[in-house]
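Here the structure comes first, spelled out in structure tokens, and everything after it is commentary.
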Amino acid sequence: MAAAGVYLLGLFGLLLRVGLNFTHLPSWLQTQNEVVTPLTSWKRVEEGFALQKQLISPYSGDIFHETPLALQALKIAYYFPWKVTGFFLFLDLLTMMFLYKTSVAFVRHLIQVQNEEKKKYSTKAESIILTTDSLAWIPTIVLACYSLNPMSIMTTLAMSTGAISNLTIILTFYYLLQGNRLLCTFFLSVSAYQSLYPLIFIVPVALYFLKLSRPSMPSLVSVQAVSSYVQTCALFFLFSALLIGLSFVSEGSWEFLYSTYGFILTVPDLTPNCGVFWYFFTEMFDHFRTFFVCVFQLNAVVYAVPLAVKFSEKPFFLMFLLIFVTSIFKSYPSYADASLYFSLLPLWKHTFSYMRNTLVVGGMYVCCGVLAPILYHLWIFAGSANANFYFAITLTYSAAQIFLVTDLLFAYLRREYDLYNGTEHQNKDGSKAQIILE
Amino acid sequence: MGLLSNEKQRNRLVKFLQNHHAKLSALMYIVGLAWFLALAYQPFNAGTYFSENALLPGLVESELPHVLTKAFNLKDEVKAEMNKDQKVAPQSWIFEKFRALGLDTYRHNFSVIYPFKSISKKVVQGENVFAILRARRAASTEALVLSVPLRPLANKAKPQTGGGIALALALASEFKQKAYWSKDVIFLFTDYDEVGTTAWLDAYHESKSEYIVSEHLEGRSGPIQAAINLELPLEKVSYYNLKLEGLNGQLPNLDLVNLVVKLCRKERGQVTLHHTMEPKLRSYYGEGNGESFQEYKTALTTMMRMMWYQASGAPSGNHGLFHRFHIEALTLEGVKDKKSTRIHDLTASARIIEGVFRSLNNLMERFHQSFFFYILPSTNRYVSIGMYMPPFGLMAAAGLITGIALWLISGDEAAANAVEKEKEADPAGTSLDGSEKSKTKADADKSEQDAEEEDDEMDPISTTGILTVIPVILVCLLLGWLAYQGPELLTRIMPKFRIHTEDMVLYSMLAIYTAALMYPKLMTRKSGNPNRLIVDWRLLKSIGLISQSLALASISLTNISQAFFLTAFMVPVTTFVRPSSYRFLRWVQMFALVLVSPLMLMFLVGFITVWPQPDVFSLFLEAFNSTKELIFLSVMDNYLFNAWTESVITAIVFPIWLFFWAIPWAEP
């Protein structure tokens, strides 16, 4: 039953995208800064092709920021039926397939982990113990969250190359679940090569492969552990070096490094988007700029450390949190990043009943989605509003994302607590107690 | 953040909301409405002032002669020229005149394609004339526009603008002799009012419109900083009237309005907003007057008139199209009133315009100070966005509060149902040992706390869950889309009928509307009771109210007046509608809902437009005709000028209203 539903969902999602392609939406979305960033705009890719055709280095200007291999690889888009549109539809199809596979594997993994740890659970926690039945719908929901999610639909319609990064991250996730170290590190290095920030996903990946190789749980800093980390990292760096080396061969110079990673790290393009960088750095005096760029970039990745300490036993949740956090704090975020974490979010559906702010957060997301284009219009075209109006909305959007991720984090921990302590909590006098996070 | 993390406080708030949301909503609505209307009362608003200091120097002294003889001679010439052929406007004459003055003068042709192609393939040709006075001290980097609509004498529907032509010519020859111009002055004469203006602006900014095709401009200047549109008759005028409202409710910067008002006052001209005579000027000088009821009534009338025009989203004059290109513009209209004793001749008008342009000439940068979002209760008082948003927010939040409360309640009910079901499934007493029992209870408690988290996927089989609501919402959205596309689709499908396009549009709207009214009836089939719709009305209503609040908030950002009127009419009905088992109550609610439905609101607008009529029958007839025209015009505005009103009403307000239409049909 689920299978037919899944195919229908996928098909419906694709048809929806095809249908919407015939409206005015795609051309409008391609100009929306929340959907397309300088890093992911297809127009810039075309510019890169054109420059290359003229035998000018695409990296000599300030337009093109894709990686050299992407520049070569993306040319296949023109050989698809319906050209580029067809290519992005195909990417979507791939994404959906791997999302489904990932979620099926993940459900299996959840049950397996639970069986291993069941002995340690409290006897009073039976009501929240997972069963195959209660998880049966998760793959379908995950697929629905991708195929029907307005954000991912917008990403496809706008032909944002963020879809490629999303696919590589999902592939990393998938092969991590499969325990395939070679492919996992390969896709991780591809996604890091594409958009740099996935670099920090090496933390959960290394932790998980350690867990796989030593099921008896050695200490995280023992010699074996370190050698496992080194193996994973070595593979990753090998692949990365290979990719960058190939880029150098194809490009013939190192110029691309500044235009891609330099562009991500130093944030020279302050076009308004849904992130936190642009407003802050338009207001910034130049001599503080370097310092604050460092601070902001650190902010995007530094959470890897405390989260890794807390969730060293739960590498998948850690990976998801890192995906979420980087997509909030990266220098050029867009709805493409949001669509990735939204489609993976239902994997943690068993913790949703512990979440407390869904109405507030949901309301914030919807408000931002509706108001952002209106305020942008009022600011840029009508000239009656100003930058602060739009900034207020992007700030709200970031806040909504942070609320959601902290809420999920809290819910996850709260459920863990209940698993080990039972769902019923009593004060010493026997009255019902309430768990408060302090 | 305490509210987000502390459960106890939250629960208290949730309880409070669930128990008192109706009272709270009513209170908020009433307070909000009263507060909004009170904004017209002088102590609650503020006096206008200049934010942009660069504008002030122009207020010093006019360099025009005491009697501008040129203007009077030109006036006679214009009169003679226009009488030659009453059906055409004197484009060629104007062209020759400006050319003789030595200005860069150009003609600009455009054609309008009739949007409903299947009905008529009519193409209307038009011609604008414009002349550019090149500034001596700058390289045409900035420009100001003086625009005058051309209206042939035969066109009796709108007041004449011959005085404006004479004045523009006279001023052009005066301006030409001055050395102080640092911005080009463009004298623009537009054919077919707004259409000609749109064509010219499109050509100037090289943007394209689907239905107005315009020729390439042969000459242009720099970015336009400001524009004044003049509608002056050939006769002497008694007072000046300001028109501000632009396309989609956009307004010019308040500094420009202040400037024009101040200069009119300086020339001892009376200036009004929408023809509301203001009492004395005393209050202008801050003597604490304007607090009497009589003055409040006048101020409220002015404010309501302004909001009325703004709410339509249609431009109230040619200036309205300039706003689309981020150009501050307004219309100054000279009005002849037989009752009034005041008389201003062309010289007075010329001095006002000269003052305005010289002030604008001093501008260093684009208008960016002062306010863009405001409402004017008189020409010298203003209500800014910071003052009107709180009361508006209160009114709109009245619906939101109930929406959230209903969401919480319906979540609770779903949780309670789930518990019931669980109990039923468990044969009573067989396995209910102590821990099991407490488990169920704990589960219920927990899910009660997390009631609002009941997600889409939580309960797929229940009769109250989200699944009963989704079909209704989809049907409503589909109907909204039909209403949005309707006129065009229908006129494309049925070209054979020989009826006017106006009728066609109206009847197609009516057809979709009546079809939409029947949708709850059509969806009841599968349920047992043929007159009842099986739908979780609380959830539907809460979704409806939340999306209504969001829609109103979005509209209020672009067009506060439209949002205000929609809120004032819709919110009280939509907040308090609920299913009832009493037939009478159901009918009352349905009647109230129909009354605030978009089409009836349109009819109401038509009604108010034609209000004083001799008898009831002609009142309704006129109202019907005016509604027809109104709908047609809003559709045309959408096509020609990209006005949003029609889209907003059909694609957003209408489907949201349809959500509520299902509620009286639901099982209580």
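The structure presented is a predicted model; accordingly, all values stated were derived computationally and were not measured. Convention: sequence-line order gives letters A, B, ...; per-chain numbering from 1.
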Worksheet item: Given A:Phe324, which of A:Tyr303, A:Phe403, A:Tyr341 fulfils the ring-ring contact (aromatic ring centres under 6.0 Å, His included) condition?
Response: A:Tyr341

Item to complete: Please check if atom CZ in A:Phe12 has more than 12 non-hydrogen atoms from other residues, nucleotides or ligands closer than 6.0 Å.
Response: no

Worksheet item: Taking side chain as C-beta onward, heavy atoms only, is A:Trp348 less than 4.5 Å from A:Phe106?
Response: yes

Practice prompt. First locate atom OG1 of B:Thr558, then atom CG of A:Leu375, and finally report the distance between them rounded to the nearest 0.5 Å.
Written response: 10.0 Å

Discussion item. Between B:Arg366 and chain A, with a heavy-atom cut-off of 4.5 Å, which part of the residue counts as in contact: side chain, backbone, both or neither?
Written reply: neither

Worksheet item: Nearest 0.5 Å, what's the OG-OH distance between A:Ser122 and A:Tyr417?
Response: 10.5 Å

Worksheet entry | B:Leu550 versus chain A, the contacting section by heavy-atom distance below 4.5 Å | side chain

Item to complete: For chain B, find its close neighbours in residues 377-384 of chain A: heavy-atom separation under 4.5 Å, sorted by number, or none.
Response: A:His377, A:Leu378, A:Phe381, A:Ala382, A:Gly383, A:Ser384

Discussion item. One pair to check against side-chain contact (heavy atoms from CB on, under 4.5 Å): B:Glu328 and B:His319. What are the steps and the verdict?
Written reply: CA-CA 8 Å; B:Glu328 308 312 318; B:His319 64 277; over 6 Å; no

Worksheet entry | B:Tyr484 atom OH: more than 12 heavy-atom contacts under 6.0 Å | no

